[in-house]
Amino acid sequence: MGADLNSLEGVIRHTKRVVLFFHPLDDPATIKRVWCLYEILTVVTTNSYELTLGFSNTGKMDLFRIARALSKVGKAAHTKDAAAVKKLYK
């Protein structure tokens with residue numbers, strides 16, 4: 001087992017891409033697992049490696065609902081903030 005653990009970082013670096021599956025959206029198991037957190041840390045501290053978030057179909061629909069709800073709140077309550085943010089992304 002020790003040899004497997006010693007080679008884990010090399011394996012992660014060799015793949016150059018990690019998909020972090022977020023399920024369920026409100027309580028994803030992957031961010032509770034030490035080895036998943038280690039993979040994330042390895043990817044984000046290595047230049048030009050990619051971390052991609054993956055969602056189930058239900059998770060995608062939930063994420064879109066959250067985004068729509070937040071966009072409505074932003075439009076109604078914080079028009080100056082929304083304008084400033086839009087400028088950043090032009």
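All residue numbers refer to positions in the sequence shown, counting from 1. Because the structure is predicted, anything quoted here is derived from the model rather than measured.
Here T15 contributes atom OG1 and Y49 contributes atom OH; the two are 8.0 Å apart, rounded to the nearest 0.5 Å. Between M61 atom CE and T58 atom OG1 the span is 4.5 Å, to the nearest 0.5 Å. Note that CG of L37 and OG1 of T42 are 10.5 Å apart. Values are rounded to the nearest 0.5 Å.
Among residues two or more places apart in sequence or in another chain, the side-chain hydrogen bond (donor to acceptor under 3.5 Å, both in side chains) test is passed with T45 by none. A search for side-chain contact (heavy atoms from CB on, under 4.5 Å) contacts involving V44 returns I40, L51, not counting sequence neighbours. Here R33 pairs with nothing under the salt bridge (charged side-chain N to carboxylate O under 4.0 Å, His left out) rule; sequence neighbours left out.
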Going by atom type alone, with no hydrogens or angles, which donor-acceptor pairs under 3.5 Å involve a side-chain atom of residues 18-28 and a protein atom two or more places apart or on another chain?
residue: H23; atom: ND1; partner: S56; partner atom: OG; Å: 3.4
residue: D27; atom: OD1; partner: K32; partner atom: NZ; Å: 2.7
residue: D27; atom: OD2; partner: K32; partner atom: NZ; Å: 2.9

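In the hydrophobic clustering of ILVMFWY residues, with side-chain heavy atoms under 4.5 Å counting as a link, L53 and L41 come out apart.
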> Between V43 and E50, does a side-chain contact (heavy atoms from CB on, under 4.5 Å) hold up when you go through it step by step?
Replying inline: CA-CA 7 Å; V43 169; E50 184 177 329; 5.9 Å; no
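Sorted by first then second residue, the salt bridge (charged side-chain N to carboxylate O under 4.0 Å, His left out) pairs that include residues 35-45, not counting sequence neighbours, number zero.
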